[in-house]
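Below, each value reflects all heavy atoms present in this structure, side chains not excepted, and no hydrogens, waters or symmetry copies. Both ligands and their constituent atoms are indexed starting at 1 by order of listing. Owing to the predicted nature of the structure, the values given are computational and were not obtained by experimental measurement.
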Amino acid sequence: MTNPTVRISRKGVDRWKAGHPWIYAADVEPVPPTLVGGEVVRVEDHRGWFLGLAFYSRESKITLRWLSWEDVAVDADFFKRRIEAADALRRRALPDEQTYRVVHGEADLLPGLVVDRFGDYLSVQFLHKATEQRKELFADLLEQHFKCKAIVNRSDANVRRLEGLEPEKGMLRGSIDGQVTYREGHITLDVDLLTGQKTGAFLDQRDNHVMSAEWAFGEALDCFSYVGGFALQLALKAKNVTAVEISDVACAQITANARRNQLGNVNVVSANAFDFLRDTLDEGKKFDTIVLDPPSFAKNKGAIEAAVRGYKEINLRAMQLLNPGGILITASCTHHVGEERFEEMLDSAAADARRRVQILEKRGAGKDHPVLLSLRETRYLKCFVLRVL
Ligand code: SAH
């Protein structure tokens, strides 16, 4: 069966040839009404020259997502090889780990597919129609490759609405009895893959969690704590840790995780971190180590300025709350706010706080979250370690 054809404009061809894996609707010529979305299509230029294969999307502004430069069969074997290649990278990069991101969408040449592994359990997101339509195939391939006990479908991400898909979650294969357990350095964490946020955990921060223990000392504060990934690492070195989190379910999980690791120095506060930072500053309290790891503040370009103001507010307050020589570990997962913009924001916060600030480390996501050079969106996580003088 031949794949349907989609033609792209000269501008689209330039983008395609420059290696960009996404072609937007404006650069695509009208397509036959028989295409419903989710198909693998042949991409051609205006003269009918073959350019490659892509997933087609009808609803999304991103109409084409690169799959191949060559005219190959995009079948079960094709996806099997891509999954195997993605896992082979992790086996090389993290040979001793059983918990890691196996597939990071476009960055693993599998657009619209995210797979996190927690030992015998997988948590999967199908973010576009193309992967949604093939979810049984992906479940089969993943089951065969990992011999896993269960696969959780965590496609309850709002980005699916851009594809005309409702968010959805549930068991895809097998069943899970309670929580799954994994290790990050010296800390053991329990998470709930079905009810937790995103795929159940923020594995992209794992290396940064472990790193935070190296810098932690004195009185520590972890804002936007989720299940305590940073807080518990800080607790290994700091005298006391305050973990601030707005979700009560997550708060209960931090408490349970602290107990599991026999850490008696973690104080969990259920609060809005913005309010907590302001109130604590008013009270005159000081800290030696602060972590800020908020959720994404800008889901689209229009929200960038507001996002930067949000980042500045919390970073400025954190700088003011730190004793001289204190450590600020500050992260942003908003790809619309790039590393340079983030650094400018920190510079301006430091000036307003009248503090001199040193950059000690600039970090990103772990090695199981590769960045695709031609797709900025895959370079989303920034994590700076600063010393506030
Ligand atoms: N630091 C965590 C991940 C944070 S994700 C880790 O490394 O694993 C962002 C977290 O912030 C979520 O748990 C969310 O519930 C929480 N959150 C969102 N808005 C908040 C707010 N205004 N105040 C406090 N917590 C908030």
Quiz prompt | salt bridge (charged side-chain N to carboxylate O under 4.0 Å, His left out) evaluation trace for Glu305 with Arg341 | solution = CA-CA 10 Å; Glu305 289 317 308; Arg341 191 81 178 82; 3.1 Å; yes
Exercise. With heavy atoms only and a cut-off of under 4.0 Å, state how Ser225 meets ligand 1: side chain, backbone, both or neither.
Key: backbone
Quiz item: What part of Ala273, side chain, backbone, both or neither, has a heavy atom within less than 4.0 angstrom of ligand 1?
Solution: both
Self-check item: From the candidates Tyr226, Phe276, Phe274, Phe224, the one that places a heavy atom nearest atom 20 (C) of ligand 1
Solution: Phe224
Quiz item: Under the 6.0 Å and 45° cation-pi test, does Lys285 pair with Phe287?
Solution: yes
Quiz item: Which atoms of ligand 1 have any heavy atom of Asn272 under 4.0 Å away?
Solution: 21 (C), 22 (N), 23 (N)
Exercise. Using heavy-atom distances, let me know which of Glu184, Gln253, Gln197 sits nearest atom 12 (C) of ligand 1.
Key: Gln197
Quiz item: Looking only at heavy atoms of Gly229, does any of them come nearer than 4.0 Å to an atom of ligand 1?
Solution: no
Quiz item: Applying a strict 4.0 Å limit to heavy atoms, is Cys223 in contact with ligand 1?
Solution: no
Quiz item: Got a donor-acceptor contact below 3.5 angstrom from the Arg160 side chain to the Phe126 backbone?
Solution: yes
Quiz item: Given Glu339 and Lys382, is the salt bridge (charged side-chain N to carboxylate O under 4.0 Å, His left out) satisfied, shown in steps?
Solution: CA-CA 7 Å; Glu339 187 174 296; Lys382 294 131 318 258; over 6 Å; no
Practice problem: Ignoring hydrogens, just give me the one of Ala231, Ser270, Pro295 whose non-hydrogen atom is nearest atom 18 (C) of ligand 1. | Solution: Pro295
Practice problem: Select the closest option to atom 1 (N) of ligand 1 among Asp248, Val291, Asp293, judged by heavy-atom distance. | Solution: Asp293
Quiz prompt | Polar proximity ligand 1 side, Asp222 side, N/O cut 3.5 Å exclusive | solution = no
Self-check item: Nearest heavy-atom neighbours spanning His209 and Phe202
Solution: CE1-O, 4.3 Å
Quiz item: Going by the atom numbers of ligand 1, which of them fall below 4.0 Å from some non-hydrogen atom of Ala271?
Solution: 23 (N), 24 (C)
Exercise. Taking only heavy atoms of Phe230 into account, list the atoms of ligand 1 that are under 4.0 Å away from them.
Key: 1 (N), 7 (O)
Quiz prompt | Trace of the side-chain hydrogen bond (donor to acceptor under 3.5 Å, both in side chains) decision for Asn240 with Asn265 | solution = CA-CA 5 Å; Asn240 296 299; Asn265 56 344; 5.6 Å; no
